[in-house]
> 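Once you've had a glance at the structure underneath, I'll fire off some questions.
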Amino acid sequence: QVQLVESGGGSGQTGGSLRLSCKDTGEYLIGYCMAWFRQAPGKKREGVAALDSDGTTAYADSVKGRFTVSSTNYKVSLDLQMNNLQTEDTAMYYCASVPCGVVVLIGTLDAESVNYWGQGTQVTVSS
């Protein structure tokens, strides 16, 4: 069974940086990759960034140029480096396991279609 565990997060200021990490401490699902979503209060959960099995990265338009995903093993871990933070980045951030074939769609991927989630980690950005 997939068990995604997030770490990092916390509070930061606009223009600052934070780093999130996610590890799959359980079973690896063949054909699956890892991704980051976020959910702000009163808003739908949205895809933020993901890493495909061939090293291709994908980002939501709102974070392009500011956020970077990386991993030493795409199957079991995914880091999210968040730079130039903005107040609108404030949200609960969730690690997810998604079919690798949908990584490029991360910016528009319906969170309702995702079956594997971590518990989430809060990111709060203040001005």
Side-chain angles (χ1 to χ4, degrees):
Q1 186 169 343
V2 174
Q3 293 184 325
L4 303 174
V5 180
E6 301 101 336
S7 61
S11 298
Q13 293 190 317
T14 54
S17 299
L18 288 171
R19 187 177 184 87
L20 306 181
S21 293
C22 176
K23 285 183 171 52
D24 180 358
T25 62
E27 173 188 359
Y28 167 67
L29 297 178
I30 296 174
Y32 274 68
C33 292
M34 295 171 75
W36 285 99
F37 286 72
R38 68 185 181 187
Q39 187 167 19
K43 295 190 174 182
K44 291 179 61 175
R45 193 171 296 188
E46 62 178 5
V48 174
L51 177 67
D52 206 341
S53 57
D54 64 356
T56 301
T57 56
Y59 301 93
D61 288 343
S62 59
V63 306
K64 280 180 182 175
R66 300 189 299 119
F67 290 10
T68 303
V69 285
S70 63
S71 176
T72 55
N73 184 343
Y74 79 93
K75 295 180 181 180
V76 296
S77 70
L78 188 68
D79 292 340
L80 181 67
Q81 178 67 40
M82 304 182 292
N83 296 330
N84 190 20
L85 287 165
Q86 305 298 311
T87 54
E88 53 265 35
D89 294 322
T90 295
M92 185 71 80
Y93 283 72
Y94 296 90
C95 181
S97 187
V98 301
C100 294
V102 303
V103 162
V104 294
L105 304 174
I106 190 64
T108 57
L109 188 61
D110 185 352
E112 295 291 328
S113 68
V114 177
N115 295 318
Y116 305 102
W117 296 101
Q119 80 284 359
T121 185
Q122 179 67 37
V123 170
T124 303
V125 183
S126 58
S127 59

> Quick check: closest heavy atoms across W117 and A111, and the distance to 0.1 Å?
CZ2-O, 3.4 Å
> Just grab all the side chain to side chain donor-acceptor pair (under 3.5 Å) pairs involving residues 105-116, residues at least two apart or on different chains.
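Those involving residues 105-116 do not exist here.
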> Is Y32 reachable from I106 through a run of hydrophobic residues whose side-chain heavy atoms are each under 4.5 Å from the next?
no
> Indicate the atoms forming the closest heavy-atom contact of N84 with S17, along with that distance.
N-OG, 4.4 Å
> Quick check for you: to the nearest 0.5 Å, what is the distance between T68 atom OG1 and R66 atom CZ?
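One finds 10.5 Å between OG1 of T68 and CZ of R66.
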> D79: which residues meet the side-chain contact (heavy atoms from CB on, under 4.5 Å) condition with it, sequence neighbours left out?
R19, S21, S70
> Testing the basics here: between L80 and A49, what is the closest heavy-atom pair and its distance to 0.1 Å?
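Heavy-atom minimum between the residues: CD1-CB, 4.1 Å.
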> Are V76 and W36 linked, directly or through other ILVMFWY residues, by side chains that come within less than 4.5 angstrom of each other?
no
> Filter on ring pair (Phe, Tyr, Trp, His ring centres under 6.0 Å), then keep only pairs touching residues 64-83, sequence neighbours left out; what's left?
none
> Please answer: with hydrophobic residues joined when any side-chain heavy atoms are less than 4.5 Å apart, are V5 and Y28 in the same cluster?
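Per the 4.5 Å side-chain linkage, V5 and Y28 are not co-clustered.
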> Quick one: salt bridge (charged side-chain N to carboxylate O under 4.0 Å, His left out) pairs with a partner in residues 118-127, sequence neighbours left out?
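Output for this query is empty, none listed.
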> When clusters are formed by joining ILVMFWY residues with side-chain heavy atoms under 4.5 Å apart, either directly or through shared neighbours, do L109 and L51 land in the same one?
no
> Show your reasoning for whether side-chain contact (heavy atoms from CB on, under 4.5 Å) applies to V125 and E88.
CA-CA 8 Å; V125 183; E88 53 265 35; over 6 Å; no
> Answer yes if L18 and F37 sit in the same cluster of Ile, Leu, Val, Met, Phe, Trp and Tyr residues linked by side chain heavy atoms under 4.5 Å apart, and no otherwise.
no
> Would the number of heavy atoms belonging to other residues, nucleotides or ligands and lying under 6.0 Å from CD of Q86 be above 12?
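It does: Q86 CD has more than 12 such atoms within range.
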> With salt bridge (charged side-chain N to carboxylate O under 4.0 Å, His left out) as the rule and sequence neighbours excluded, what pairs involving residues 116-126 come up?
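Residue pairs passing salt bridge (charged side-chain N to carboxylate O under 4.0 Å, His left out), neighbours aside: none found.
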> Can you name the one residue among R45, E46, K44 that meets side-chain hydrogen bond (donor to acceptor under 3.5 Å, both in side chains) with Q39?
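Checked R45, E46, K44 against Q39; only one passes side-chain hydrogen bond (donor to acceptor under 3.5 Å, both in side chains): R45.
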> What side-chain donor-acceptor pairs closer than 3.5 Å can you find for residues 92-103, not counting sequence neighbours?
| residue | atom | partner | partner atom | Å |
| --- | --- | --- | --- | --- |
| Y93 | OH | R38 | NH1 | 2.9 |
| Y93 | OH | D89 | O | 2.7 |

> Will you find, in the side chains of S71 and S77, an N or O donor that is under 3.5 Å from an N or O acceptor?
yes
> What are the two closest non-hydrogen atoms of M34 and L4, and how far apart are they?
CE-CD2, 4.0 Å
> How far apart are the closest heavy atoms of S53 and C33, and which atoms are they?
N-SG, 3.5 Å
> Please report the closest heavy-atom contact between S126 and T87, naming both atoms and the distance.
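Looking at all heavy atoms of both residues, the shortest contact is C-CG2, 4.2 Å.
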> Quick one: does T57's side chain have a donor or acceptor within less than 3.5 Å of a partner on V69's backbone?
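No; judged by distance alone, with no hydrogens or angles, the pair does not exist.
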> Taking G26's backbone N and O only, do any of them form a donor-acceptor pair with Q1's side chain (distance below 3.5 Å, no angle check)?
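It does not hold such a pair.
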